[in-house]
**Q** 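Handing you this structure, nothing more for now.
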Amino acid sequence: MVRVRFAPSPTGALHIGGVRTALYNYLLARQQGGTFILRIEDTDQGRYVPGAEDYIIESLRWVGVIPDEGVGFGGDEGPYRQSDRKEIYQKYAHELVQRGHAYYAFDTPLELENRRQAEEHFTYNHLTRSALINSLTIGEEVSKRRIATGESFVIRLKVMPGRSIHIQDLIRGDVVFESSELDDKVLLKADGMPTYHLANIVDDHLMRITHVIRGEEWLPSTAHHVLLYEGFGWEATMPKFSHLPLIMKPFGNGKLSKRDGAKFGIPVFPLAWKGETAEESFDGFREVGFLPGAVVNFLALLGWHPGGDEDIFSMEELIQLFSIEHIGKGGARFDYEKAKSFNQKYIHAMDDAALATLVRPLVEAKGYQVSDAFLSRAISLMKERVTFLTDFVETGYYLFEPVRVYDEETLQKRWNGDIAAVFAELTEKFATFDLFKAPDLEEAVKAFIQEKGMKPGDILPLLRIALVGTMKGPAVFETAEVLGREETVARLKRMMDNQSVKS
RNA sequence: GGUCCGUUCGUCUAGGGGUUAGGACACGUCCCUUUCACGGAUGAAACACGGGUUCGAUUCCCGUACGGACUACCA
């Protein structure tokens, strides 16, 4: 039975790379009929950020990556918050010392810091530990006594040199590390909390995790993890590892970071995050107007592809097609243009009614009040020209309120005395049409234009500007129909007033 | 610096010893449309480099270059 976990640290907003990691774990679990667990890794009390946990949960819900077990989702293998498991780690850490695979160390952070200052590349390892203060050098008895007096200590992994540690990564194949190159990682910190390395192994074992799918940044420490499994005698049930390629910045070098969102003016978080300051607050895909399905599709393909020429996949299809073997090895650049295009496609593919339920809250947030019928017509009018849900009320604001600005350049080019007279007459005509349907309007208006000896190009652009203010917009007669006769006539009059004031 | 990972169009990628190296995004041109967009057609655009192995390498191996991650009592 497949059991996988997503184990974020609640240090702030969950970055999009984390969402992808969660997604891949989820896809494997769903496909294999397994279990997907959310575990909160809050062992660094200094970096804990209130609200981050809720943010993570809400983000996963939004993208539809729902845990089967975990913080906020129940389950029998809890607690799923590491700060609630403190005693468990302590027990295992001491057990590892008993087994001879770890030791107590008393060197203070300051002492070690000084060593690093003095020595270029100082590391706490098999070479240096014999000259440091730990239970290996001062003895078990003395150590016990010092601990009993309340002196602070850490527990470190005792890495024995001279071994080649092989990792069979499902994505990268055989990866080898020499144990003599590994440092004696801290397992239990002076505050009694475990480090990631210890907590991760203990929890994965206790929670019977079968596959660890995580970011590539963990690959270098995986050898330590293997040593830990061996030290505890858990080799037989050690999970299989898969290290995902990193998501890179859209421009420049390096992996995508939280700051890149503000830097490039793009969202890099699923949901908006309100920090203490504006500097600490970020936009989210949801608030920008993305559909969760589009985000999932985009993210799924950032580092994975099932093969073939298809690239639009629903969650159900992703679950069916997903396979670790098809995950790429190289870092994938975050391409916002691509994300937008997915969103546009997803909006196009959605029917008006479904779209209306998503757009209505945006409409109401702007203070507009519209009927379902009107909203649905407005949506079908704008649908082909929006990228984001928010475009319906931003770009297409003119469907809900009077025109804010007129395209003066075009107006200046086309508006003149003759046109003004014809326009006034046309306005009268609009007021008298019985049927206010696009095809009828078009026919009547075009006939009128011809009658006046003018060309469509003389009138239509102006009509458009009167209705929506800009040369970019939905079909004129369709727009007039949606707006209705009253509003259409009002807008025509308003523009004439606007023009007469100027002259 | 050390350790480890990686490298197919600008980007995400498919493919894999013999292919006109395929798709998508973005970009160019045309069609549709007296707007914008959508849609359709079309174009330009890639196997990092050098050695092997092989009848034949983009594909396998080794180097080089370049990129990346890690190198905390952070995860």
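Predicted model, so just to flag it, every value in this text is computed and none were measured. The analysis underlying the following values was restricted to heavy atoms, covering all of them including side chains, and did not include hydrogens, waters or symmetry mates. Naming convention: chains lettered A, B, ... in sequence-line order (proteins, then strands); numbering from 1 in each chain.
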**Q** Who is the Watson-Crick or G-U wobble partner of A44(B), with both distances under 3.5 Å?
**A** none
**Q** When the aromatic ring centroids of Y336(A) and F264(A) are compared, is their separation below 6.0 Å?
**A** no
**Q** Counting primed atoms plus P, OP1 and OP2 as sugar-phosphate and everything else as base, spell out the protein contacts along nucleotides 62-75 of chain B at 4.0 Å heavy-atom distance: B, S or - for each nucleotide, 5' to 3'.
**A** -----SSSS--BBB
**Q** Checking base pairs now: Watson-Crick or wobble, both atom distances under 3.5 Å. What partners G18(B)?
**A** C55(B)
**Q** Using purine N1 to pyrimidine N3 plus N6-O4 or O6-N4 for Watson-Crick, or N1-O2 and O6-N3 for G-U wobble, each under 3.5 Å, what pairs with G1(B)?
**A** U71(B)
**Q** If you look at every strand shown and take non-hydrogen atoms under 4.0 Å, does G330(A) touch a base, only sugar-phosphate, or nothing?
**A** sugar-phosphate
**Q** For G67(B) and U29(B), measure between their P atoms and round to the nearest Å.
**A** 35 Å
**Q** Hey, would you say the W218(A) and Y196(A) ring centroids sit under 6.0 Å apart?
**A** yes
**Q** Mind calculating the distance between CG (L244(A)) and C1' (G6(B)) to the nearest angstrom?
**A** 14 Å
**Q** Could you tell me whether the side chain of R333(A) has a donor or acceptor atom within less than 3.5 Å of a complementary atom in the base of U11(B)?
**A** no
**Q** Provide the distance between the two P atoms, one in A65(B) and one in A72(B), to the nearest whole Å.
**A** 26 Å
**Q** Under 3.5 Å, is there a donor on one side chain and an acceptor on the other for H225(A) and D204(A)?
**A** no
**Q** Can you measure I327(A) atom CD1 to A14(B) atom P for me and round it to whole angstrom units?
**A** 11 Å
**Q** Using the P atom in both, what is the distance from G6(B) to G40(B), to the nearest Å?
**A** 38 Å
**Q** Provide the distance between the two C1' atoms, one in U64(B) and one in C70(B), to the nearest whole Å.
**A** 23 Å
**Q** Of the options U13(B), U35(B), C38(B), whose atoms approach the side-chain atoms of A332(A) most closely?
**A** U13(B)
**Q** Is there a side-chain polar atom (N or O) of K345(A) under 4.0 Å from OP1 or OP2 of A24(B)?
**A** no
**Q** If you compare all heavy atoms of I347(A) against all heavy atoms of K383(A), which two are closest, and at what distance to 0.1 Å?
**A** O-CE, 3.6 Å
**Q** Checking contacts here: which listed nucleotide (C25(B), A14(B), C36(B)) is nearest the side-chain heavy atoms of D335(A)?
**A** C25(B)
**Q** With sequence neighbours left out, write down each residue that passes side chain to side chain donor-acceptor pair (under 3.5 Å) with E394(A), or none if nothing qualifies.
**A** K366(A)
**Q** Base, sugar-phosphate, or nothing for P474(A), non-hydrogen atoms under 4.0 angstrom?
**A** base
**Q** Which part of the nucleic acid does G328(A) contact within heavy-atom distance under 4.0 Å: base, sugar-phosphate only, or nothing?
**A** nothing
**Q** Closest approach to the side chain of D309(A), judged atom by atom: which nucleotide of G23(B), A14(B), C36(B) is it?
**A** G23(B)
**Q** For the P atoms, the ones on U7(B) and on G23(B), what distance do you get once it is rounded to whole angstrom?
**A** 23 Å
**Q** For a quick test of reading the model, state the closest non-hydrogen atom pair linking F313(A) to P306(A) and the distance between them.
**A** CZ-CG, 3.6 Å
**Q** Return the value, rounded to whole Å, for the distance between atom CG of N297(A) and atom P of U13(B).
**A** 13 Å
**Q** Between F334(A) and I171(A), which has a closest nucleotide on RNA chain B that is more 5'?
**A** I171(A)
**Q** Using a strict 4.0 Å threshold on nitrogen-to-oxygen distance, state whether D84(A) and R81(A) make a salt bridge.
**A** yes
**Q** How long is the straight-line distance from CE of M193(A) back to NZ of K189(A), given to the nearest 0.5 Å?
**A** 7.5 Å
**Q** Is there a donor and acceptor pair closer than 3.5 Å between the side chain of R172(A) and the base of C5(B)?
**A** no
**Q** Pairing donors with acceptors under 3.5 angstrom, does anything connect the side chains of D203(A) and Y89(A)?
**A** yes
**Q** Rounded off to whole Å, could you give me the CG-to-C1' distance for the D311(A) and G15(B) pair?
**A** 16 Å
**Q** Suppose we define a pair by two distances each less than 3.5 Å, Watson-Crick or G-U wobble; what does U7(B) pair with here?
**A** A65(B)
**Q** Could you work out the separation of U58(B) and C49(B) based on their P atoms and round it to a whole Å?
**A** 9 Å
**Q** Roughly how many Å is it from CG in L381(A) to P in U35(B), rounded to a whole number?
**A** 16 Å
**Q** Looking across every strand, which nucleic acid part, if any, lies under 4.0 Å from F177(A) by heavy atom: base, sugar-phosphate, or nothing?
**A** sugar-phosphate
**Q** How far does the P atom of C9(B) sit from the matching atom of G2(B), given to the nearest Å?
**A** 29 Å
**Q** Does V176(A) reach a base, just sugar-phosphate, or nothing at all? Heavy atoms under 4.0 Å.
**A** sugar-phosphate
**Q** Within the structure shown, what part of the strands sits under 4.0 Å from G473(A) by heavy-atom distance: base, sugar-phosphate, or nothing?
**A** base
**Q** Suppose you measure atom C1' in C60(B) against the same atom in G68(B); what distance do you get, rounded to whole Å?
**A** 25 Å
**Q** Where each residue is assigned the nucleotide of RNA chain B containing its nearest heavy atom, which of H121(A) and M471(A) is assigned the position nearer the 5′ end?
**A** H121(A)
